Participant: 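So that we are looking at the same thing, I have put the structure below in C-alpha cells.
A quick note: this is a predicted structure, and the numbers were derived from the prediction, not measured.
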Amino acid sequence: MLRTHTCGELRAEHVGATVTLAGWVHRRRDHGGLVFVDVRDRNGLTQVVFDPDAAPAAFEAARDVGHEWVVAVDGSVRPRPAGQANPNLPTGAVEVVASALRVLNPARTPPFEINREQAVEDGTRLRYRYLDIRRQRMQRNLVLRHAVTAFIRAHLNARDFLDVETPILMKATPEGARDFLVPSRVHPGRFYALPQSPQQLKQILMVAGIDRYYQIARCFRDEDLRADRELEFTQLDLEMAFAEAGDIMALNEDLFVALVAAVAPQLRIRQVPFPHLTYADAMERYGTDKPDIRFGLEMVDIGPDVAGSAFRVFADTVARGGRVKAIAAPAQFTRREIDAFEAFVKGLGAAGLAWLAFDADGAVRGSVARALAAPEIAAIRDRTGAGDGATVFIVAGDAPVVALALGRLRGELGRHLDLIDPGELAFLWLVDPPLFEWNAGEARWDSVHHPFTSAVPEDVPLLDTDPGRIRAQAYDVVCNGYELGGGSIRIHERDVQARVFALLGLSDAQVQAQFGHLLTAFEFGAPPHGGIAWGIDRTVAILAGEANIREVIAFPKSLSAVDLLTGAPSPVPARDLAVLGISVVASSPPDATDA
RNA sequence: GGGGGCGUGGUGUAGCGGUUAACAUACUGGCCUGUCAAGCCAGAGACCGCGGGUUCGAAUCCCGUCGCUCCCGCCA
C-alpha cells in the first residue's frame, strides 16, 4: 500500500510513529513560514504540518498543492501543542510533521467546492457525481446504505434465509408497469424484459423447496420518475413457505426495529409493535394508503351535518354520492395562507377549499360562515372537535378527489404548523386492502397488488358475487408517509388462481402464455407461502433524513430519466440495430447541449 | 401527456424596467511560524440558459425553447 494509515485513524497512542498518509488535499492553510494541509480520505481528516526548518523541500512542495490534489505524505506523529488540539476532529489530538510530500496526481479546480456543505444545482452534482460523492453528505449516505444492506443480510442469514439470485433478463409481463425491453439477437423480433420485481421466480423458488428466500434485488420500471421513484431501484425481496401473514409481518418488524437500533440509533420508532391500520380506515382518516401518522389532523366526514343544508355545494355533493370532509387545524391563518392552501388543493383537482375559523370570542369567520346555518356550523365544530382559535378546512367532491386533496392538505398543514418530529419513525402496517379494483376503461377487474395475491379466507365466496368487497391477505409497510413496500400471502391452489384470472378477464390461452410456467410449477406441490418486498432506497432515505432517493443512490438518473454523467440513453449505430432486426421509426433530436 | 418552481462570474446568492450588474466563497498574485471555514492586501472572472417579442431603454415584462426540480396522470 502507498500508505501506512488512513486519514481517520491516528490518535494519541500513535505519537512517535513514522507514518505515510495518502489522500486528497481537503484544505490548506499557508502561514508563510508554516503550512498546514488537511489530508482527507473517506475515513477522515488528518492535519499535516510543513515546517521549513524540519523539511524545506516538503515545505516548498506544500505551498504549491491545490484543493483535491492527490498527495502522499511521509512524516511522524506528534501531539498538538498545548491548547492547539481540535476537539471537532477524531484525529484532532495529534498532527503529522511532514518529512516529504509527493504529489500523486494534481487536480483541476473542481466545479464546486468539495469541502463545504453548500447546496449545488442537481444537474451539476450529477454531471460531476464523482466529486459530489467525495462530499460529506453523499459519503455519509452511502456509508449508511452499506450499513443497511449489510445488516439486512446478516439478520436474514442468521434466520436461515437463503440469498438466491434471479435473472435480469426475464420474460415480459403485461401486468403492472411498463417493461424495459431488451431485444434478442439470437431470436430477432423477440424481447427479454428487465424484471419489475422477481415476483414469479421467488414463488417458483418456494415450489423448489427454498423455503426461506431473500435477495437484495434490482428492479426496473419504465415509468415517469419522482422524488421517491427511479427507473431502477433496489428492493429487499423475501419469501417464506409455510408462513402466514402475521409471520411475515413479525419477521420484518423485528428486522426494522433491529435495523434502526443498529444503523440509526438517533431515531425513535413511534410505536412497537407497529400499529395495524386497515386500508378503509386509512383512506377515511388520512385520505391515503400511506399516511404519515407522526401528527394528527385527521379527516372527518361532515356529510351528515350538511346533507340537508341550504348551501347547495355541500348538499348536492352528498346527494350525488360525493363526500364532504373536514380537517380541524389548531391555528389561525392569514388570508394569504388560506389562498395558498386553496390553490394547492385546486391543483390536485378539488373544486375549492371552504374554511371556518372559530375565534376565541365566539365569532365564526370563513368562506362558508354565512352560507351555512348556525346549527350546521355547530355540528361541524362538534364533529371535528375544533376548539377556540381553530380553523376547519373543508373539501367537497368525489371520494377520490376529496381523499387526495384533503389528505395532501393535511400533510401541508402538518409541516406548516411544525407538528412533525423529524427524529421519529412512524411505522405502520396497512392491512386488508381490496383484492380488486374496477377498471372502468377496460370494463373488468384489476388486481390491486398482483394476481397471485390471496383473499382473506372468509371473503373467498365473494369471488362470484361481489369481487370489489374482497379483502386481500396483503400488507404494506408504511413509514412517515412513504410506502416502503408490501407483500401478501400468495394463492397456492390452482383452482382459486384460475378463478382470479377469469375475473381479471384473462382467457385460458392468455393465462397459459403469460403464466403457464408458474401454474405448471404449482401442480407439482406448491407449499402455502407468502412474502414481501420493500424499497432499500426509500428506507435509507428516511433513515438518512433525505427527502429524495437520489441522495442515497450513487449514480441516479435525473428526473427526466437521463444519466448526466454518462449521457445515457444514447443513439446506437445502425448496424447494431440491424443485427437485432430493429429499425427506429421515431427519435429524439440530437442532444441539445445546453450553453 | 398536463401543471407549478428555478436558471445572474466556477459555486451559492442579491438585484426584478434606466446600476460601472452587488455579496460570499472558489480562482490568481503578494504578505504572514500555530492555523483548523486561518488572516490581511491586490487582481482576474458574468454580454444575466438559448431564441424571439414589447419598450426610447430588458437580467428585470411577454411568448417559445432547453436544462434541473416538485406534483398530477402513470407507477406500488
Participant: Report yes if a donor N or O on one partner sits less than 3.5 Å from an acceptor N or O on the other, where the partners are the side chain of Glu223(A) and the base of rG73(B); otherwise report no.
Facilitator: no
Participant: Do the ring planes of Phe452(A) and His450(A) sit parallel (below 30°), tilted (30 to 60°) or perpendicular (above 60°)?
Facilitator: tilted
Participant: Confirm from the modelled atom types if Arg229(A) and rC75(B) form a donor-acceptor pair under 3.5 Å, side chain to base only.
Facilitator: yes
Participant: Just checking Arg63(A): base, sugar-phosphate only, or nothing, at a heavy-atom cut-off of under 4.0 Å?
Facilitator: base
Participant: Given the structure, check if the side chain of Arg108(A) and the base of rC27(B) hold any donor-acceptor pair shorter than 3.5 Å.
Facilitator: no
Participant: Nearest whole angstrom, please: distance from the C1' of rC75(B) to the CD of Glu232(A).
Facilitator: 16 Å
Participant: Using whole Å, report how far CZ of Arg408(A) lies from C1' of rG4(B).
Facilitator: 12 Å
Participant: Are more than 12 heavy atoms, taken from residues, nucleotides or ligands other than Tyr192(A), located less than 6.0 Å from that residue's OH atom?
Facilitator: no
Participant: Answer yes or no: side-chain N or O of Glu113(A) and base N or O of rG10(B) forming a donor-acceptor pair under 3.5 Å.
Facilitator: yes
Participant: With a 4.0 Å cut-off on heavy atoms, is Asp122(A) in touch with a base, just the backbone sugar-phosphate, or nothing at all?
Facilitator: sugar-phosphate
Participant: Both distances under 3.5 Å, Watson-Crick or G-U wobble: report the partner of rC32(B), or none.
Facilitator: none
Participant: With sugar-phosphate meaning primed atoms plus P, OP1 and OP2, does Arg27(A) contact a base, only sugar-phosphate, or nothing at under 4.0 Å between heavy atoms?
Facilitator: sugar-phosphate
Participant: List the steps, then state whether ring-ring contact (aromatic ring centres under 6.0 Å, His included) holds for Trp438(A) with Trp445(A).
Facilitator: CA-CA 5 Å; Trp438(A) 181 248; Trp445(A) 294 97; 5.0 Å; yes
Participant: For a quick check of understanding: with a heavy-atom distance under 4.0 Å over all strands, which category does Glu117(A) fall into, base, sugar-phosphate or nothing?
Facilitator: nothing
Participant: Do Thr166(A) and Gln215(A) pair up side chain to side chain, a donor and an acceptor below 3.5 Å, judged on atom types alone?
Facilitator: yes
Participant: Contact class for Arg28(A) (heavy atom, under 4.0 Å): base, sugar-phosphate, or nothing?
Facilitator: nothing
Participant: I'd like to know if Glu121(A) reaches the base of rU69(B) with its side chain, counting only an N/O donor and acceptor under 3.5 Å.
Facilitator: no
Participant: Rounded off to whole Å, could you give me the CD-to-P distance for the Glu68(A) and rC27(B) pair?
Facilitator: 10 Å
Participant: Check every strand shown and say whether Ser197(A) touches a base, only sugar-phosphate, or nothing at a heavy-atom separation below 4.0 Å.
Facilitator: nothing
Participant: Is there aromatic stacking of Phe112(A) against rU11(B), centre distance under 5.5 Å, plane angle under 30°?
Facilitator: no
Participant: Looking only at atom P, what distance separates rA44(B) and rA24(B), rounded to whole Å?
Facilitator: 16 Å
Participant: For the CZ atom on Arg63(A), are there more than 12 heavy atoms of other groups (residues, nucleotides or ligands in this structure) within a distance under 6.0 Å?
Facilitator: yes
Participant: Taking atom P in both rG7(B) and rA59(B), compute the distance separating them and give it to the nearest angstrom.
Facilitator: 15 Å
Participant: Provide the distance between the two P atoms, one in rG9(B) and one in rC23(B), to the nearest whole Å.
Facilitator: 16 Å
Participant: Round to the nearest Å and state the distance from Asp228(A) atom CG to rC75(B) atom P.
Facilitator: 15 Å
Participant: rU35(B) P sits how many Å from His26(A) NE2, rounded?
Facilitator: 18 Å
Participant: Quick test of the criterion, 5.5 Å between centres and less than 30° between planes. Is His31(A) stacked on rA38(B) or not?
Facilitator: yes
Participant: Using a distance-only criterion (donor-acceptor N/O pair, under 3.5 Å, no hydrogens), is the base of rC68(B) paired with the side chain of Arg125(A)?
Facilitator: no
Participant: With both distances under 3.5 Å as the test, what is the Watson-Crick or G-U wobble partner of rA21(B)?
Facilitator: none
Participant: Using both distances under 3.5 Å as the test, list the Watson-Crick or G-U wobble partner of rU55(B), or none.
Facilitator: none
Participant: Would you kindly give the CG-to-P distance between Asp30(A) and rC40(B), to the nearest whole Å?
Facilitator: 15 Å
Participant: Looking at the base of rC36(B), is there any donor atom on it, or on the side chain of Asn86(A), that sits under 3.5 Å from an acceptor on the other one?
Facilitator: yes
Participant: If I take atom CZ in residue Arg127(A) and atom C1' in nucleotide rC66(B), what distance separates them, rounded to the nearest angstrom?
Facilitator: 12 Å
Participant: Which part of the nucleic acid, if any, lies within reach of Pro81(A) when heavy atoms closer than 4.0 Å are counted: base, sugar-phosphate only, or nothing?
Facilitator: base
Participant: What's the closest nucleotide to the Pro52(A) side chain, out of rU33(B), rA26(B), rC71(B)?
Facilitator: rU33(B)
Participant: Distance alone, cut at 3.5 Å: any donor-acceptor contact between the side chains of Gln47(A) and Arg29(A)?
Facilitator: yes
Participant: Under 4.0 Å, heavy atoms only, any strand: does Asn88(A) hit a base, just the sugar-phosphate, or nothing?
Facilitator: nothing
Participant: Decide whether a cation-pi geometry holds between Arg410(A) and Phe295(A); the criteria are a distance under 6.0 Å from NZ or CZ to the six-membered ring centre and an angle within 45° of the ring axis.
Facilitator: yes
Participant: Both distances below 3.5 Å, Watson-Crick or wobble geometry, any strand: find the nucleotide opposite rG67(B).
Facilitator: rC6(B)
Participant: If you take atom types as modelled and just measure distance, does the side chain of Arg78(A) reach the base of rG34(B) with a donor-acceptor pair under 3.5 Å?
Facilitator: yes
Participant: Give me the ring orientation class for Phe501(A) and Phe515(A): parallel if the planes are under 30° apart, tilted from 30 to 60°, perpendicular past 60°.
Facilitator: parallel
Participant: When the P atoms of rU54(B) and rG15(B) are compared, how many Å lie between them, rounded to an integer?
Facilitator: 28 Å
Participant: Atom CZ of Arg80(A) to atom P of rU35(B): distance rounded to whole Å?
Facilitator: 11 Å
Participant: Under 4.0 Å between any heavy atoms, over every strand shown, what does Gly176(A) touch: base, sugar-phosphate, or nothing? Just pick one.
Facilitator: sugar-phosphate
Participant: What integer number of Å spans the P atoms of rG64(B) and rA21(B)?
Facilitator: 30 Å
